[in-house]
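Structure, as structure tokens:
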Amino acid sequence: MTNLPGPDLLAPGAAEAWLRHLGEEADAERLRAELSEGTLPRAFHQVAARDPGRTALTIGGETVTHGELDDLAARVGGWLQGRGVEPGERVVLCGGNSLDLVAGYLGILRTGAVVVLAGPTLTEHELRHLVENSGAACALAQDPALEKLSSIFGDDGFVVALESGEPTSEDSLRRAISDGEPLEPRDAASDEVALLAYTSGTTGQPKGVPLSHANLLSSIRAAMWSWRWAPEDVLVHALPLSHQHGLGGVHATLLSGSRAVVHDGFDPGAFCEAVESERATIIFAVPAIYERLVEWEGEADYSSLRLAISGSAALSPALARKVSELLGQDVLERYGSTESGLSVSNPYEGPRRPGLVGLPLPGTELAVVDDEGRCLEPGEDGEIVLRGPQVFSGYMDLPDATRESFYAGGWFRTGDIGRVDPEDDYLTVTGRSKELIISGGLNVYPREVELVLEDHPAVERAAVVGAPSERWGEEVVAFVVPEGGDGVDTGALADHVRERLSAYKCPKRFIEIGELPRNELGKVQRDELVRAAEEETRAGPS
């Protein structure tokens, strides 16, 4: 990988902005040190100590100040330490959005233990894999996962209930900590592991991704600076805190001394009421949430918003335009992953281009490379590789997978395919390498075809997959959700695509579908669509 940029490269403009922020001459190494300095609990505690009476969080009908939340974290940490939880031990945290979940998260970090994030809807089989793979000693959990985890741990650990509102169970977290001794943040190195996240496991068993305090701090600090996050900001979101997108909002709130209103699940009426009544300045959402906001027939006042951020899944230009019209401002799309944190973002000031994810965030290095790891010219499609303090160092106990995921020099292979615009250096993500369709020996990137389909007025959303074909090896199949449910003239749609794409990229089949299958973060579940395409092939003409 000899022709990748050297270690001191920064994105155009990013170095200058951060040097102005530092107020003195500084090199790239100094910049990255500033981003990753300290630990999460120490940083949160320092902010809370400066203004303890400032409101921090409203969640599940409960509101707490920064000082009250810091006290909860201290008491959870002290209680866990009293139960024998030591630095470096793994503790499963599994529940919906609640004050208990946030307090549990912060308390685990106080002890120096590692948080193992788990979604509350995981099956017992999936939870067992996380417990056994992580070597977790105990769990803080909410129904329906509480009973499953109690069964998994048996007599080998303890499981404590997370609740919303006043505790009703004797073994609930807030009952347990009522007599606990507060625990001050410990002195620790920023490279200690804080969080063990798991990949989605679409290509096999989920892999453990250890994320250090430095990884998490540098990721959110770079985004906060780029998005001009301030103590006066009010964030509203309804994303699960068991995923980093939602959890990142809590990090930003506690690092800035600002305020967040977090819902447990998305309801457009409740969400818009919160935006209006709380005078929200920032919202976090995924494309599936923005779709529902656009479709919602209620009235809402978005005038307080200064920033609407989209992530976790691709935002189509057609939907971006609708959202921008609804909100009265351009939505800001950003890009990241479990392993590489927040990496790329459209600018706060300057053009936000629909369909493009923008420029590298401060401290991040980005390149697009070919199959041999050689840098490609702007405008050429290749794999996106990243380097920076927010990038993890390797999968837990999987040396082979780690070697396969990095090039020399610490360049992480994202598995995403993209290109850099020759005119302004903005990055476009065109698909996943594992989603690449090879039809007749030629490469087809699904996102490129989807963008063309979604530009047709009769198409609300589209997803493109490769289905097995005796003639082509794989054939391009398009699933389309009609605009307004009126149906699609597939002949006209095919003509629309042929005018814009080479013949080998054009779908061989168009399948109308009422809704695209998605996971809880709004990512299209393409495996389900491939199976549906195969079933249609077996069924033959109707």
Side-chain angles (χ1 to χ4, degrees), residues 14 97 216 218-241 243-256 258-263 266 268 271-272 274-275 278-294 300 302-317 319-338 340-362 364 390 426-429 520-523:
N97 294 355
L216 296 167
S218 57
S219 172
I220 196 63
R221 280 172 173 162
M224 289 168 66
W225 168 250
S226 296
W227 300 337
R228 311 295 191 264
W229 207 295
E232 296 73 30
D233 276 310
V234 180
L235 168 69
V236 171
H237 82 68
L239 302 170
L241 299 182
H243 291 269
Q244 285 190 75
H245 191 169
L247 192 59
V250 173
H251 288 169
T253 298
L254 300 186
L255 286 170
S256 65
S258 61
R259 182 160 65 94
V261 178
V262 180
H263 290 193
F266 176 73
F271 186 88
C272 290
V275 169
E278 302 288 348
R279 303 300 295 164
T281 59
I282 303 173
I283 57 174
F284 278 6
V286 297
I289 285 178
Y290 283 121
E291 288 171 4
R292 291 182 63 187
L293 283 177
V294 168
Y302 301 108
S303 60
S304 62
L305 288 178
R306 68 172 185 86
L307 194 55
I309 298 170
S310 181
S312 293
L315 180 71
S316 73
L319 178 57
R321 287 190 287 269
K322 292 178 184 177
V323 175
S324 298
E325 182 178 351
L326 175 72
L327 301 181
Q329 63 176 283
D330 288 338
V331 65
L332 184 148
E333 187 172 8
R334 59 42 161 207
Y335 165 79
S337 70
T338 302
S340 62
L342 291 167
S343 310
V344 181
S345 172
N346 271 269
Y348 181 70
E349 297 174 351
R352 300 174 192 171
R353 297 181 57 189
L356 284 73
V357 293
L359 300 165
L361 287 167
T364 301
Q390 82 283 18
Y426 277 43
L427 176 69
T428 303
V429 181
E520 62 182 347
L521 282 181
K523 293 184 179 180

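Excluded from the calculations below are hydrogen atoms, water molecules and symmetry mates; all remaining heavy atoms, backbone and side chain alike, are included.
Counting only heavy atoms from C-beta outward, the side chains of K322 and Y290 never approach each other to under 4.5 Å. Annotation: side chain of V234 is not in contact with side chain of R279 (no heavy-atom distance under 4.5 Å). Using a 4.5 Å heavy-atom threshold, the side chains of W229 and L235 count as touching. With contacts defined as side-chain heavy-atom distances shorter than 4.5 Å, the pair L293/V323 does not qualify. Side-chain contact between R306 and R228 is present, with heavy atoms from C-beta onward closer than 4.5 Å. Residues I283 and H237 fail the side-chain proximity criterion, which asks for heavy atoms closer than 4.5 Å. With contacts defined as side-chain heavy-atom distances shorter than 4.5 Å, the pair M224/S256 qualifies. Taking the side chain as every heavy atom from C-beta outward, S219 and L216 never approach each other to under 4.5 Å.
Within the model, atoms CG of L239 and OG of S312 stand 7.0 Å from one another, a figure rounded to the nearest 0.5 Å. Rounding to the nearest 0.5 Å places CZ of R259 at 14.0 Å from CG of L254. Distance CZ/R334 to CH2/W227: 6.0 Å, rounded to 0.5 Å.
Annotation: cation-pi pair R221/W225 absent, no NZ/CZ under 6.0 Å from the ring centroid and within 45° of its normal.
Distance alone, capped at 3.5 Å, places no donor-acceptor pair between the N346 side chain and the L332 backbone. For the pair T364 (side chain) and P360 (backbone), a donor-acceptor distance under 3.5 Å is absent. Between the E333 side chain and the A314 main chain, no donor and acceptor come within less than 3.5 Å of each other. At distances below 3.5 Å, at least one donor-acceptor pair connects side-chain atoms of N97 with backbone N or O atoms of L241. Side chain of R352 to backbone of P347: a donor-acceptor contact under 3.5 angstrom is found. Here the side chain of S304 pairs a donor or acceptor atom with the backbone of A280 at under 3.5 angstrom. Between the S343 side chain and the S340 main chain, a donor and an acceptor come within less than 3.5 Å of each other.
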| Intermediate values then yes/no, side-chain contact (heavy atoms from CB on, under 4.5 Å), F271 and R292 | CA-CA 11 Å; F271 186 88; R292 291 182 63 187; over 6 Å; no

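Shown here for V331 and A308, the closest heavy-atom pair between the two residues is CG2-O, 3.2 Å. Closest heavy-atom contact between A230 and S258: O-CB, 3.5 Å. In terms of heavy-atom proximity, I220 sits nearest to G248 at CD1-O, 3.5 Å.
Each of T428, L342, V357, L361 was evaluated against Y335; a single residue qualifies, V357, per the side-chain contact (heavy atoms from CB on, under 4.5 Å) test. Applying the side-chain contact (heavy atoms from CB on, under 4.5 Å) test between L307 and each of I282, L327, D233, T281 identifies I282 as the sole match.
Between H245 and F284, the angle of the ring planes lies from 30° to 60°, which puts this pair in the tilted group.
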